[in-house]
Amino acid sequence: MEKERVIFLTNDDSYRSKGFATAIEIARQFGKVIAVAPDSPQSGMSQAITIYNPLYLRKVREEEGVTVYSLNGTPVDCVKIAFDHLLRDEKIDLAISGINHGSNAAISVLYSGTMGAAIESSFYNIPSVGLSLTDHDLDADFEGAVKYGTQIIEAVLADKELPRTLCLNVNIPNIPCEEIKGIRVSRQTRGYWREEFYQRTDPHGRDYFWLTGAFANAEPQAEDTDEWALSNGYVSVVPIQVDLTAYDQLAQLKKIL
């Protein structure tokens with residue numbers, strides 16, 4: 001008898017988010033779900049870990065096939081406590097992070113708590129998929145994310161040739177499901193965020209700031225990028241690696257150093 005799959009689940013919007021509940025419903029189609037997610041929103045945490053404060057792990061939901069824990073830490077804390085403590089003796093077949101409320105395409109992958117957790121999972125030789133919907137609404141419509149997220153996860157689990165270190169950054173456009181044209185395997189768009197800070201004064205006379213900003217696409221005409229895919233009605237899938245070496249600069253640096 002074939003062993004039941006074990007699917008690990010986390011996110012950065014907290015275990016209470018609609019996107020997380022939707023991810024659970026996707027994941028439970030493929031096996032037993034064990035989830036550890038932050039107890040409060042942790043967007044923008046990237047690979048941050050908690051060092052100077054204690055972590056509290058609490059079971060918040062248990063039913064047939066699904067167990068959910070909350071943790072007062074970052075998304076990467078959730079991954080580490082899961083794989084180094086809670087699930088140390090389990091064989092995990094797949095890690096899913098999301099579904100995030102908001103895009104994690106292009107350079108946002110470096111800031112994203114959702115992708116931070118997906119990347120961390122791949123460090124444990126567990127194939128991982130980060131799922132994001134380009135809609136920040138707390139009550140967003142996840143129909144397209146369910147359809148294409150399910151399709152992508154099914155394909156990953158079925159392909160035995162994919163490496164255990166696989167990490168996918170999947171973004172679903174915020175358009176009606178029937179208008180999505182399909183899936184594009186893409187590369188990360190080159191670009192950058194330019195922030196603005198709104199300065200205000202609180203009732204005690206102290207200045208404070210709210211962060212906002214906009215993404216600047218450095219290659220808007222390129223048709224092989226994740227931003228192009230999303231802008232043209234496709235789900236973008238970008239395979240992620242963490243080697244940050246600038247290989248094209250090695251030879252020149254060796255000459256001068």
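This chain uses plain numbering: 1 for the first residue, then up along the sequence.
Atom OG1 in Thr10 sits 11.0 Å away from atom CD in Glu120 (nearest 0.5 Å). Of the inter-residue distances, the one linking Phe20 atom CZ with Ile99 atom CD1 reads 11.0 Å to the nearest 0.5 angstrom. Here the CG-OG distance, from Asn169 to Ser236, works out to 6.5 Å after rounding to the nearest 0.5 Å. Taking SG of Cys78 as the start and CG of Leu71 as the end, the distance is 4.5 Å to the nearest 0.5 Å. Interatomic distance, Leu131 CG to Ile96 CD1, rounded to the nearest 0.5 Å: 6.5 Å. For the atom pair Phe197 CZ and Asp207 CG, the distance stands at 14.0 Å (nearest 0.5 Å).
Proximity of a side-chain donor or acceptor of Lys181 to a complementary backbone N or O of Asn232 within less than 3.5 Å is detected. With hydrogens and angles disregarded, no donor-acceptor distance shorter than 3.5 Å links the side chain of Ser112 to the backbone of Leu110. In this structure a side-chain-to-backbone donor-acceptor pair under 3.5 Å is present from Arg164 to Asn125. Looking only at distances, no side-chain donor or acceptor of Asn11 sits under 3.5 Å from a matching main-chain atom of Gly98. A donor-acceptor pair under 3.5 Å is absent between the side-chain atoms of Asn100 and the main chain of Thr114, judged by distance alone. A side-chain donor-acceptor contact under 3.5 Å links Asp202 to the backbone of Arg206. When atom types are taken as modelled, the side chain of Asp135 and the backbone of Asn174 share no donor-acceptor pair closer than 3.5 angstrom. In this structure a side-chain-to-backbone donor-acceptor pair under 3.5 Å is present from Asn171 to Asn104. A side-chain donor-acceptor contact under 3.5 Å links Ser128 to the backbone of Ala118. No donor-acceptor pair closer than 3.5 Å links the side chain of Ser231 to the backbone N or O of Trp228.
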Residues Ser108, Trp193; criterion side chain to side chain contact (heavy atoms under 4.5 Å, CB included); working and verdict | CA-CA 8 Å; Ser108 294; Trp193 280 92; 3.1 Å; yes
Determine, step by step, whether Ile153 and Phe30 satisfy the side chain to side chain contact (heavy atoms under 4.5 Å, CB included) criterion, reporting the C-alpha distance in whole Å, the side-chain angles of both residues, the deciding distance to 0.1 Å, and the verdict.
-> CA-CA 9 Å; Ile153 289 165; Phe30 298 101; 3.7 Å; yes
Between Val146 and Glu25, does a side chain to side chain contact (heavy atoms under 4.5 Å, CB included) hold up when you go through it step by step?
-> CA-CA 9 Å; Val146 170; Glu25 296 311 307; over 6 Å; no
Stepwise side chain to side chain contact (heavy atoms under 4.5 Å, CB included) test for Thr225 and Glu219 = CA-CA 9 Å; Thr225 68; Glu219 43 181 353; 3.9 Å; yes
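Note on Arg190 versus Glu227: no salt bridge recorded, every NZ/NE/NH1/NH2 to OD/OE distance being 4.0 Å or above. Glu63 and Arg61 are joined by a salt bridge, as a carboxylate oxygen and a charged side-chain nitrogen come within less than 4.0 angstrom of each other. For the pair Asp139 and Lys18, the salt-bridge criterion is met [side-chain N within less than 4.0 Å of a carboxylate O].
Transitive grouping of hydrophobic side chains (ILVMFWY, heavy atoms separated by less than 4.5 Å) brings Leu168 and Ile7 into a common cluster. Under the 4.5 Å side-chain heavy-atom criterion for grouping Ile, Leu, Val, Met, Phe, Trp and Tyr, Val237 is not connected to Leu230 through any hydrophobic cluster. Cluster membership check: Leu87 does not share its hydrophobic cluster with Val129, using side-chain heavy-atom separations under 4.5 Å among Ile, Leu, Val, Met, Phe, Trp and Tyr. A single hydrophobic cluster is not seen to contain both Val6 and Leu166; linkage of ILVMFWY side chains at heavy-atom distances under 4.5 Å, directly or through other members, places them apart. Connection of Ile240 to Ile107 is established within a shared hydrophobic cluster, with ILVMFWY side chains joined at heavy-atom distances below 4.5 Å, either directly or through further cluster members.
Taking the side chain as every heavy atom from C-beta outward, Ile34 and Glu90 approach each other to under 4.5 Å. A heavy-atom distance below 4.5 Å is found between the side chains of Lys255 and Gln252. A 4.5 Å side-chain heavy-atom check between Trp210 and Arg200 finds at least one atom pair inside the cut-off. Residues Phe123 and Thr165 are not in side-chain contact: their nearest non-hydrogen atoms beyond the backbone lie 4.5 Å or more apart. You'll find the side chain of Tyr69 stays beyond 4.5 Å of the side chain of Glu62, heavy atoms only. Residues Ile126 and Leu94 form no side-chain contact, since every pair of their non-hydrogen atoms from C-beta on lies 4.5 Å or further apart.
In this structure, Phe83 has its ring center under 6.0 Å from that of Tyr124. A ring-centre distance under 6.0 Å is found for His101 and Phe142.
Taking all atoms of both residues into account, the shortest heavy-atom contact from Ser70 to Val60 is OG-CG1, 3.7 Å. Shortest non-hydrogen contact noted between Arg184 and Ala229 is CB-CB, 4.0 Å. What you find for Thr74 and Ile49 is that their closest heavy atoms are OG1-CA, 4.0 Å. Listed here is the closest heavy atom pair of Ser46 and Val76: O-CG2, 3.6 Å.
Partner of Pro75 under the side chain to side chain contact (heavy atoms under 4.5 Å, CB included) criterion, out of Asp13, Asp12, Val36, Ile119: Asp12 alone.
Side-chain contact check for Asn53 and Thr50: no donor-acceptor pair (N or O, by modelled atom type) lies under 3.5 Å. Between the side chains of Ser103 and Thr134, no donor-acceptor pair is found at a separation under 3.5 Å.
In Glu64, the CD atom is not crowded: 12 or fewer heavy atoms of neighbouring residues, nucleotides or ligands sit closer than 6.0 Å. Under a cut-off of 6.0 angstrom, the local environment of CZ in Phe209 is crowded, with over 12 non-hydrogen atoms contributed by other residues, nucleotides or ligands. Heavy-atom contacts from other residues, nucleotides or ligands closer than 6.0 Å to CD of Glu178 number more than 12. Around the OH atom of Tyr208, the shell of radius 6.0 Å holds more than 12 heavy atoms that belong to other residues, nucleotides or ligands.
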